[in-house]
Number of protein chains: 2
Amino acid sequence: MLALADPTRRAILQRLGSGEARVTELAAPFAMSLNAVSKHIRVLERAELVSRRRAGREHFLSLNPKPLDEAAAWIDEQRRFWTQSLDALERALAEHED
Amino acid sequence: MLALADPTRRAILQRLGSGEARVTELAAPFAMSLNAVSKHIRVLERAELVSRRRAGREHFLSLNPKPLDEAAAWIDEQRRFWTQSLDALERALAEHED
DNA sequence: CTTTCATTCAACCTATTGGTTGAATATGGA
DNA sequence: TCCATATTCAACCAATAGGTTGAATGAAAG
């Protein structure tokens, strides 16, 4: 499963961009149960996108920066491909239009 | 649905990176029916990640470069967030270790 | 024409996803 | 000690995703 595929999870990541937060805080903005958000967090954890720090009964979540770099690398790689094929297309069109 | 979420679809995109291809060609490497691949292609089309050129009974698919730039922009934006919070974390750790 | 080839359409099946609710666990505070 | 709070666990449910097969469409080739 791709953890980034779900909009709720992307929103959670975005929220964590401005600092760590507890489960309850993360859940607050959403029109769904705390349990549902707890599950989403678990998915993000399994994907190693966030990490958890327990302090008594409160769990603080924060972003884990590593996998993002991998994602960016993947996109960059793809981009090279695409740009390449765009160039080829442009050349082809130029020839055709003469 | 996030079109990039499926590994088959990512493989198709990667294949299209080296030039346009027909449905049958795209389907060949996969251990699934032609129909299944045809469906994946439709998803990629709806997401405007690929476009189709019909020539007789053959359909040629090729990459559509626009949405990739959007994706890259999104990732870059996220990256800024993450880097930021990493810095904060490092500062916090430094203080703590004294 | 009839047949073959490239592709999609339509109906169907199963596993997974994203959600629910209710109970369990464990910490904190009166 | 007793109750409230923070969180997870477990069982369940509906919708969707990804696959299948078989028939339909439409172009090419004999």
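All figures in this text were calculated on a predicted structure; none of them were measured in a lab. Labels below follow one simple rule: chain letters A, B, ... track the order of the sequence lines, proteins then strands, and each chain is numbered from 1. Values reported hereafter were calculated over all heavy atoms of this structure, with side chains retained and with hydrogens, waters and symmetry mates removed.
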Report each atom pair, protein N/O against N/O of nucleotides 24-30 of chain C, whose distance is under 3.5 angstrom.
residue : atom : partner : partner atom : Å
C:dT27  : O2   : A:R57   : NH1          : 3.1

Using whole Å, what does the distance between atom [atom2] of nucleotide [N] and atom [atom1] of [X] come to?
X: A:R53; N: D:dA6; atom1: CZ; atom2: P; value: 16 Å
X: B:E25; N: C:dC5; atom1: CD; atom2: P; value: 16 Å
X: A:H59; N: D:dT5; atom1: NE2; atom2: P; value: 17 Å
X: B:E58; N: C:dA6; atom1: CD; atom2: P; value: 7 Å
X: B:R42; N: C:dT7; atom1: CZ; atom2: P; value: 14 Å

Residues in side chain to side chain donor-acceptor pair (under 3.5 Å) contact with B:S62, at least two apart in sequence or another chain: none
Residues that A:R53 engages under side chain to side chain donor-acceptor pair (under 3.5 Å), provided they are two or more places apart: A:E20
Among all residues two or more places apart in sequence or in another chain, which pass the side chain to side chain contact (heavy atoms under 4.5 Å, CB included) test with [X]?
X: B:S33; result: B:N35, B:A36
X: B:A28; result: none
X: B:A31; result: none
X: A:A11; result: A:F30

Phosphate OP1/OP2 of D:dA6: any A:T24 side-chain N/O under 4.0 Å: no
Sequence neighbours excluded, every pair satisfying side chain to side chain donor-acceptor pair (under 3.5 Å) that has a member inside residues 36-47 of chain B: B:R9-B:H40, B:E45-B:R52
Heavy-atom protein contacts under 4.0 Å, nucleotides 12-23 of chain C, coded B base, S sugar-phosphate only, - none: -----SSBBBB-
Cluster link B:F60 to B:V50, ILVMFWY, side chain under 4.5 Å: no
